[in-house]
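Everything below concerns the one structure shown next.
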Amino acid sequence: MFTSRTTGLMLVLPAVVFITVGFLAPVLILLAQSLRLEDGWGIGNYLAFMNDGLGREVFWRTIKLAALVTLAAAVIGYVAAWAIVETRPERRGVLVGMVILPLMISPVARTYAWLVILGRTGFLNVLITNLGLSEEPLRLLFTETAVFIGLLQLFLPLMIISLVSALENLPRDVVPAAQTLGAGWIATFFKVILPLTREGLVIGGTLVFTGSVTAYITPAVLGGSKVLMLETLLYQRVSVANDFASASVIAAILMVTTLAANRLLRRLATPRRR
Amino acid sequence: MRRAALTSVLALAFGAAAPAAAEPTLVLSAYGISQDAFKKILYEPFEAQCGCELVVEIGNSAERLAKLEARKDNPNVDVVVFADFNALEAARKDLIQPLDPSKLSNLDKLYDVARDPVGDNMAVGYTLYSTSIVYRTDKITDMGSWKDLWRPELENRVAFPNITTTQGPLALYMAERAWTEGQPSQGLETAIAKVAEIKDDVVTFYERSSQIVQLFQQEEIWAAPMGRFAWGNIMKLQMPLGWLLPAEGQTGGLNVASIVKGTEQADLAHQLIDMWLSTEVQTALAEALVDSPVNREVELSGSVAQLMTFGPEQVESLRLVPPEQLLENREAWLETWNAKVAQ
């Protein structure tokens, strides 16, 4: 007979084998490849990437855009989530459903829709010129603005959903309590609501930031080669230049960046000990 | 391939008594595009004629070249088709062997540019295409030169092929000729610097020719350099778009066929290539809108001819990039471009 310990081990075994073969080993091989030089091992590939002006530019652009998208998603997300939580529970389902609905449409279709909306003869430019905000249609496509808009629309639902569940768990009476004690809306938000919903913010923020850093279709279609991000540069290095050394460096940088972002968000959200 | 393996096992098993019964196999390494048309027009008629089996391996040129290199000492491919500069690279790596012109009865029918494009009879061209500027004829009336892409009216209205595409270096090559008054540098420095000057005014550096169609359709752009193979899709837009014949000429690309070094089927390989170059096959491939012909005897109806790179006037005006220049400078161009344009 098996003891419960061996039974337990045998039950996890398939999953462990799967994770090792299907995930851990490939990741380690990838990381090893990025350290492989023509004559031995070292961090030469990383130095070459960071010394290359294009590599640096693309890295900082990726971080900047992902951070801006995360910030904008947090601001819009709190407002939207608060509105959803404030509605009657029977209507809440409909609103949450409307937020989730875009997630069920392929990101390719959604991104191509932006291609039409942001075009020179597209909806947004017609609106802008008709309102007299600009005489000439603006060039929005293939700019950082276009990538920002596309990513924000793509990942905002993840932030809203995370914040809705966090706000739902917020005790109903903390806001009136804070206001009774003389706190204004801003103080109430930063001193009461934000600390109590930080878990949701961290989860939503990690999802949005990671998603933005690793998105391929949106920067490829709305940004193109003029607004390269790490993912699009990675694709270019592999499929066009056959340069696997710098491609694996980019893949490693992507991994480290998303892990670091998660740690940072957690640290920001954890209240300092007194 | 499995049948080939089986045949050789059988041949071994029956020893020297049976080799005459084994049907020979010829392996072709080709681009994946339009395989259905090739099968009908070339592969099946060839098999019927040669009494052999034709096996086709497909893939993009970079990966097929890598495979040839990996199997250098024990080749499993007999005929390979790719771009002219790929053939030159293969020749320098000793992966292909010279063709025997006496075994190619259709060689004399070809345009000069296709007969011996990389030297030493290492390859023969089987199709070519032109690369020039497509532009809105209603918006700009007096286009005439590659330099016109830099005109102020076209600010924010031009797309340029990215250097990483096949068309990128070709367009730069012509821009270099135009801006240096026919004294181009190997490094294309002038052209790249010129592109860098207007990089903020270029709508995008496109990476697939399908993008061009959509950019014209949305009136995002009024002009762009592109390959003739995408012209059919551009015409479908039913917009006032024209194909420019610039003062400096058009450039383009040439695809070639070569025989892999060490093949045991050299005769069959020549037969296949010869059939590919025949007036009949070249005409059928053009009419199926697969490949523009290099055979001068091909005659096409007006509507088909309009979609292809066709006729001596078009073909002889092509200023193709010498394959050695492309091969030897590609990386340097990419480096200059990344330093000046991509950042």
Side-chain angles (χ1 to χ4, degrees), chain A residues 48-49 51-61 111-126 129 134 136-144 146-147 216-217 219-229 232-244 246-247, chain B residues 59-67 69 86 89 136 139 155-169 195-196 198-208 210-222 224 239 330-331 333-343:
Chain A
F49 182 81
N51 278 329
D52 171 23
L54 181 64
R56 266 203 314 274
E57 186 184 291
V58 169
F59 175 76
W60 286 117
R61 178 188 294 134
T111 308
Y112 269 92
W114 280 114
L115 206 54
V116 178
I117 295 170
L118 297 176
R120 204 186 288 265
T121 53
F123 172 75
L124 198 60
N125 262 320
V126 170
T129 42
S134 164
E136 278 280 296
L138 304 175
R139 208 180 74 200
L140 298 167
L141 279 183
F142 313 116
T143 62
E144 289 187 3
V147 178
Y216 172 74
I217 293 164
V221 172
L222 298 177
S225 48
K226 282 179 89 176
V227 192
L228 281 175
M229 287 180 59
T232 38
L233 185 66
L234 170 67
Y235 179 80
Q236 218 180 58
R237 290 284 152 94
V238 171
S239 75
V240 183
N242 251 331
D243 179 359
F244 283 89
S246 71
Chain B
N60 73 39
S61 47
E63 80 191 30
R64 291 186 294 113
L65 192 60
K67 267 194 205 167
E69 209 175 343
N86 296 134
E89 188 173 349
R136 281 285 291 265
K139 304 284 184 190
E155 201 172 286
N156 289 322
R157 296 290 190 179
V158 168
F160 208 88
N162 201 15
I163 186 111
T164 52
T165 66
T166 309
Q167 299 306 304
V195 173
I198 56 161
K199 66 177 176 181
D200 293 331
D201 308 324
V202 171
V203 173
T204 187
F205 294 98
Y206 73 86
E207 311 213 298
R208 279 171 301 278
S210 56
Q211 261 180 290
I212 285 293
V213 181
Q214 176 242 328
L215 289 168
F216 274 121
Q217 184 173 29
Q218 279 189 230
E219 303 203 31
E220 223 51 59
I221 55 168
W222 289 348
M239 291 171 84
R330 228 174 355 172
E331 280 179 23
W333 296 341
L334 182 65
E335 228 165 81
T336 319
W337 177 280
N338 277 345
K340 290 192 172 152
V341 180
Q343 293 183 34

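Below, chains carry the letters A, B, ... as their sequence lines are ordered, and counting in each starts from 1. Since this is a predicted model, take the numbers as computed values, not measurements.
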key: Contacting region of V116(A) [heavy-atom separation from chain B under 4.5 Å]   =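 Contact with chain B: backbone and side chain both.
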message = Please classify the contact between L228(A) and chain B as side chain, backbone, both or neither, with a heavy-atom cut-off of under 4.5 Å.
response =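 Answer is neither: L228(A) stays 4.5 Å or more from chain B.
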Measure [X] against the heavy atoms of chain A and call it side chain, backbone, both or neither at under 4.5 Å.
X       : result
Q214(B) : side chain
E207(B) : side chain
N156(B) : both
V341(B) : neither

key: Exam field: side chain Q218(B) to backbone T121(A), donor-acceptor pair closer than 3.5 Å   =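 Side chain of Q218(B) to backbone of T121(A): no pair is present.
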query = Backbone N or O of K199(B) within a donor-acceptor pair of the K226(A) side chain at under 3.5 Å?
reply =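 Yes; at least one donor-acceptor contact below 3.5 Å.
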request  = Kindly compute the distance separating CG (D201(B)) from CZ (R139(A)), expressed to the nearest 0.5 Å.
outcome  =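 D201(B) atom CG to R139(A) atom CZ measures 6.5 Å (nearest 0.5 Å).
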ask   = Between OG1 of T204(B) and CG of L222(A), what distance do you get to the nearest 0.5 Å?
value =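 T204(B) OG1 to L222(A) CG: 10.5 Å, rounded to 0.5 Å.
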ask   = Can you check side chain to side chain contact (heavy atoms under 4.5 Å, CB included) on Q343(B) and E57(A), steps first, answer last?
value = CA-CA 7 Å; Q343(B) 293 183 34; E57(A) 186 184 291; 3.5 Å; yes
task = Assess whether atom CZ of F123(A) is packed by more than 12 heavy atoms of other residues, nucleotides or ligands within 6.0 Å.
result =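 12 or below, so no.
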key: Option that, when pairs with chain A are counted at under 4.5 Å, heavy atom only, ranks first among E219(B), Q211(B), R157(B)   =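 That would be R157(B).
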key: Heavy-atom pair of closest approach, residues S225(A) and N162(B)   =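 Nearest heavy atoms, S225(A) then N162(B): CB-ND2, 3.5 Å.
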